[in-house]
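Shown next, in structure tokens, is the structure this report addresses.
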Amino acid sequence: MTQPPPTPPEYPEPTPRPDQPGAAQVPPAYPAPQQRPPAQPYVPQQQPPAAQPYVVPQQQPPAPSYVPQQAPQYPQYPQQTAPGAAPYVSQQAAPAPPHHPVGPPAPQPPHPHASTPPPYPQAATAPPYPQAATAPPYPQAATAPPYPQGAATPPYPQAATAPPYPQAVVPPPPGSPLHPHHISTERGRVHIAGQQRHTDATAFGNLLLHLPNFLCSLVVVTLVSLLFGGFGVVLILAWLVSGALVFHRPTESALARHLLRLRYPTPQERAKLEPVWREVTARAGVEGRNYELWVEDSDSLNAVAAAGHIVGVTSFAMNNLPNGELAAVMAHELGHHVGGHAWSGLLGYWYALPGRIAWRLLRAVTGFLFRVSRAFSCLGVAFFGLCVGGIAFATISTLYGLPLLLLGMPYALAAVGRRSELRADQHAAALGFAPMLAAVLEKLHQQEQVRIATLTAANRGAPVTETAASRLLSSHPDHHTRLHHLQPYLRPTR
């Protein structure tokens, strides 16, 4: 049995002091700490018997049953009472504690917790946060008005299937009637003009510019004729009459075959060329049978008008151009014949040939003598220079400065040749072949660009530039100049 705990002593209540009229009530007496009951003696529990060694056939004895012990009862502590209440007294009677004398109570400061403390300033409910209220609705949160185009919008103009790209269309082959430059060669009645040929200003200027060359050639022929004595005059007359061979058909054929490297067309090639040629001559009012068609085996786009009756085209132009573009090329060459450019150029070249041969011989001899004079140091070179200078001065003085004109003749002849090419282009455009001729000129320009690129690659990437002298000596105008002169014929008629 447990013994009841002893009753704690009661302390006298402090009396209020007279100098503290407003003192708070005296707090209740604090009970003294109670003494714990004496602890029960520790009684060791009986240890279970030692486990027997494990034997398979026998069973292990059951473990002893666990008997819970009753927990000790602890004394109940008095509950704290409110101020002014009666002190806690245990229900069991306890002996009165001894009365100790108590002196006058010492003055004590008022207890801070004697009265109810004021409320904490922050203990009150905090005011609502300004942003805690419901935010006003966002202006755009409202339902947007219906879009004016909310109705069925018309289809986008580009939403339809785009037309095919112009370059994506495969062009028809050159011989197809669907080609844009294909022309009809079926013509019934043909009008033949009364004047088949004429000599324009370029042909006349070509003859005048060849006059100094003709005079130099005459001097050369005269000097050579002195070697034949009395037959020298016959030699000079034969040379003067030989110019008529330019219009001789067998002579023209020999020139075309040996000098120009042309050949007669095969029956298949003739069947392709003759209908186009008849269309060209019919538009020009020219008798087409007065001319002969020739073919040059070449991979370049070109044509030629030689002597008085020869019209030649390359195999590339015949096989790779539509008949309209081939007709434009032939009309261009016919313009050279009609304007007199072909026969005047060949006649001037023939009469200038003796002078050209003499000039080449003179250059070869002069070059040989110069190399020989270099073997005799500077004196030999000086002597050679004096000799050549004296001969040149005597020749110029004797011929009244005529040889000086020969220095500028190549540039003047090239300028006349460029003008004759523009006249031939105008002749083809006037016959209605201006668009076809422009396409041919574009292909010629591309061919020239390929040639320049090949030369640049062969020159290890160094660009090939054309000098001013080479441009002045060119017998054909550049691509842009020819297209510029074709513009009046390419504009649509009103």
Side-chain angles (χ1 to χ4, degrees), residues 197 199-228 232-248 250-262 304-310 312 336-337 339-367 391-392 394-421 423-424 469-476:
R197 299 190 181 195
T199 302
D200 58 11
T202 55
F204 187 72
N206 195 10
L207 292 175
L208 289 179
L209 291 177
H210 276 98
L211 185 59
N213 295 331
F214 169 77
L215 295 178
C216 290
S217 297
L218 181 60
V219 172
V220 172
V221 172
T222 302
L223 294 177
V224 173
S225 64
L226 296 178
L227 301 177
F228 296 93
V233 178
V234 178
L235 180 62
I236 295 174
L237 293 177
W239 176 72
L240 293 175
V241 177
S242 63
L245 297 176
V246 174
F247 305 98
H248 186 238
T251 305
E252 290 181 358
S253 299
L255 291 175
R257 185 178 294 108
H258 299 289
L259 294 181
L260 302 178
R261 303 297 180 182
L262 301 178
V304 62
H309 307 90
I310 295 176
H336 285 305
H337 281 295
H341 310 153
W343 67 264
S344 62
L346 182 60
L347 187 63
Y349 177 82
W350 175 257
Y351 282 118
L353 188 59
R356 293 175 182 270
I357 295 175
W359 172 250
R360 291 182 179 180
L361 290 176
L362 182 61
R363 287 181 57 186
V365 173
T366 304
I391 295 173
T395 304
I396 293 173
S397 301
T398 303
L399 298 177
Y400 302 99
L402 183 62
L404 294 178
L405 298 177
L406 299 178
L407 300 177
M409 284 299 104
Y411 300 97
L413 290 173
V416 173
R418 291 192 294 271
R419 186 61 185 174
S420 65
E421 292 294 331
R423 288 292 184 91
S470 62
R471 288 195 296 268
L472 292 176
L473 291 174
S474 177
S475 60
H476 287 68

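The shown structure was predicted, so the numbers you read here are calculated from the model rather than taken from an experiment.
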Shortest non-hydrogen separation from Leu260 to Ala306 and the atoms involved: CD1-CB, 3.4 Å
Distance (rounded to the nearest 0.5 Å) between Asn206 CG and Leu413 CG: 6.0 Å
Donor-acceptor check, side chain of Glu252 to backbone of Gly308, threshold 3.5 angstrom: yes or no? yes
Between Ser420 and His336, do the side chains contain an N or O donor and an N or O acceptor separated by less than 3.5 Å? no
Gly340 to Ala203 - nearest heavy-atom pair and separation: O-CB, 3.5 Å
Can you confirm whether Phe214 is buried at CZ, in the sense that more than 12 heavy atoms of other residues, nucleotides or ligands lie under 6.0 Å from that atom? yes
Could you walk me through whether Thr251 and Val246 pass the side-chain contact (heavy atoms from CB on, under 4.5 Å) test, one step at a time? CA-CA 7 Å; Thr251 305; Val246 174; over 6 Å; no
Exceeds 12 heavy-atom contacts within 6.0 angstrom, atom CZ of Arg261: no
Nearest 0.5 Å please: distance from the CH2 atom of Trp350 over to the CH2 atom of Trp239. 10.0 Å
After noting the C-alpha distance and the side-chain angles of Leu207 and Thr199, does the key distance pass the side-chain contact (heavy atoms from CB on, under 4.5 Å) rule? CA-CA 11 Å; Leu207 292 175; Thr199 302; 5.5 Å; no
Do Phe228 and Leu235 come within less than 4.5 Å of each other through their side chains, counting heavy atoms only? yes
Quick one: closest heavy-atom pair of Leu346 and Ala307, and the distance? CD2-CA, 3.3 Å
With distance as the sole test, does Tyr351 use its side chain to make a donor-acceptor pair with the main-chain N or O of Leu240 at under 3.5 Å? yes
pair Leu353-Ser217: side-chain heavy atoms closer than 4.5 Å: no
dist Ile310:CD1 -> Arg257:CZ (nearest 0.5 Å) comes out at 9.5 Å
Mind checking whether Trp343 and Phe247 have parallel, tilted or perpendicular rings, split at 30° and 60°? tilted
Roughly how far, to the nearest 0.5 Å, is the OG atom of Ser344 from the CG atom of Asp200? 8.0 Å
Side-chain heavy atoms of Val304 within contact of Leu262, under 4.5 Å: yes
About how many Å separate CG of Leu407 and CE of Met409, when rounded to the nearest 0.5 Å? 9.5 Å
Apply side-chain contact (heavy atoms from CB on, under 4.5 Å) to residues Arg418 and His476 and explain how you reach the verdict. CA-CA 5 Å; Arg418 291 192 294 271; His476 287 68; 5.7 Å; no
What distance separates Cys216 SG from Leu218 CG, expressed to the nearest 0.5 Å? 9.5 Å
Mind listing the closest non-hydrogen atom pair of Leu209 and Pro212 along with its distance? O-CD, 3.3 Å
Using atom types as modelled and distance alone, determine if a side-chain donor or acceptor of Thr202 lies under 3.5 Å from a backbone N or O of Val416. no
